[in-house]
There are 2 protein chains.
Amino acid sequence: MKQQDVFRALADPTRRAILKRLQGGALSAGDIGAAFDITPASLSHHFAVLKQADLVRTERRGQYIVYSLNSTVMEDLARMVLDLFPPGGARGGKR
Amino acid sequence: MKQQDVFRALADPTRRAILKRLQGGALSAGDIGAAFDITPASLSHHFAVLKQADLVRTERRGQYIVYSLNSTVMEDLARMVLDLFPPGGARGGKR
DNA sequence: GAAATATTTAGATGATTGGCTAAATGTCTG
DNA sequence: CAGACATTTAGCCAATCATCTAAATATTTC
């Protein structure tokens, strides 16, 4: 898993908002976009970034493409965060 | 709390490496920089970003400035992540 | 199969970013 | 105080990024 892709994907507020929007369940690209004031093309760009980070999954359903949260990365993300901020405080290192 | 600052700060690999380096305990700017192939000026820029995100704390000690991890943000960061990926699985898979 | 709808791709543009060099600031020591 | 050392600030530049418009692709419907 490419840690860099995940952190990069989360760095943009629009993308984080997309993820939040998906918490209510899977949505088509258009339905997600309805909440944002950006063009479908820009939206699509954000989807691509989220997908590359494996944060969302896609499934074509007829003429729609449906996006859903990939909750399994939650675990990976938690690991990444813990990796940066070890529990029990930073002091001590390998003692 | 400025969520955006935190995610932005974590988006850069050098900054994440700095955080990791600080896990062993507080270090002076110079000591941290020794591990990276960038100028002190660039390093200082990264420190500023990390500080703005409240991920590190500084303390002047003589002519050195000592950086240390601010582990308390760990909690905030965990909350941010959980906020994006609600535990119990985002209802949303496919249908 | 052509029109309509949904989404992505291509290409362009302005803003942000990470890096550099040079200069400024802060602190210790002789 | 002067000179050395540590770090930051100030400008500058190239690369990346978020966004746009226009065009392409995919799918349904008539």
Side-chain angles (χ1 to χ4, degrees), chain A residues 2-22 24-70 84, chain B residues 2-22 25-70 84 92 94-95:
Chain A
K2 291 149 293 184
Q3 178 165 318
Q4 175 57 29
D5 288 338
V6 174
F7 281 115
R8 184 173 94 78
L10 295 179
D12 184 85
T14 298
R15 286 193 289 267
R16 291 198 305 274
I18 290 173
L19 293 176
K20 287 220 67 168
R21 197 110 207 287
L22 286 175
L27 288 174
S28 73
D31 282 347
I32 297 170
F36 302 97
D37 193 20
I38 72 183
T39 64
S42 298
L43 233 329
S44 187
H45 158 69
H46 286 306
F47 292 148
V49 176
L50 289 170
K51 225 160 72 171
Q52 190 184 341
D54 204 31
L55 291 169
V56 300
R57 296 248 164 77
T58 64
E59 175 200 355
R60 180 174 273 280
R61 191 174 306 180
Q63 60 185 322
Y64 301 87
I65 292 185
V66 169
Y67 283 85
S68 55
L69 267 193
N70 176 10
L84 289 174
Chain B
K2 292 151 289 181
Q3 176 164 318
Q4 177 56 28
D5 288 338
V6 174
F7 281 115
R8 184 173 95 77
L10 294 179
D12 183 85
T14 298
R15 285 192 289 266
R16 291 198 305 276
I18 290 173
L19 292 176
K20 287 220 66 170
R21 197 112 208 288
L22 285 175
L27 288 175
S28 73
D31 282 347
I32 298 170
F36 301 98
D37 193 21
I38 71 182
T39 64
S42 299
L43 233 328
S44 187
H45 159 68
H46 286 306
F47 291 148
V49 176
L50 289 170
K51 226 160 70 174
Q52 190 185 340
D54 204 30
L55 291 169
V56 300
R57 293 206 222 79
T58 64
E59 174 203 353
R60 178 173 277 280
R61 188 174 306 185
Q63 61 186 323
Y64 301 89
I65 292 185
V66 169
Y67 283 84
S68 55
L69 267 193
N70 177 9
L84 290 174
K94 27 185 94 169
R95 192 184 40 97

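All heavy atoms count here, side chains included; hydrogens, waters and symmetry mates do not.
- Using a 4.0 Å heavy-atom cutoff across all strands shown, R15(B) reaches sugar-phosphate atoms only and no base atom.
- Nucleic acid contact for F36(B): none, since no nucleic acid atom lies under 4.0 Å from a heavy atom of the residue.
- We find that NE2 of H45(B) is positioned 12 Å from P of dT8(D), with the value rounded to whole Å.
- When heavy atoms are screened at a 4.0 angstrom cut-off, A29(A) is found touching the sugar-phosphate backbone but no base atom.
- Under the 3.5 Å distance criterion, the side-chain polar atoms of R60(A) are matched with a main-chain donor or acceptor of G62(A).
- Judged by distance alone, the side chain of Q4(A) and the main-chain N or O of A11(B) form a donor-acceptor pair under 3.5 Å.
- Where V49(B) and Q63(A) each meet DNA chain C at their nearest nucleotide, the meeting point lying more 5' is that of Q63(A).
- Between L43(B) atom CG and dC5(D) atom P there is a gap of 19 Å when expressed in whole angstrom units.
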Go through the steps for R57(B) and E59(B) under the test salt bridge (Lys or Arg N to Asp or Glu O under 4.0 Å), then give the verdict.
-> CA-CA 7 Å; R57(B) 293 206 222 79; E59(B) 174 203 353; over 6 Å; no

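- Across the protein-nucleic acid pair, D12(B) atom CG and dC17(D) atom C1' stand 14 Å apart, rounded to whole Å.
- Atom CG in L50(B) sits roughly 10 Å away from atom P in dG18(C) (whole-Å rounding).
- Residue-level contact check: H46(A) touches the backbone only, with heavy atoms under 4.0 Å from sugar-phosphate atoms and none from bases.
- In this structure, Y64(B) atom OH and dG26(C) atom C1' are separated by 14 Å, rounded to whole Å.
- With hydrogens and angles disregarded, a donor-acceptor distance shorter than 3.5 Å links the side chain of R15(A) to the backbone of R8(A).
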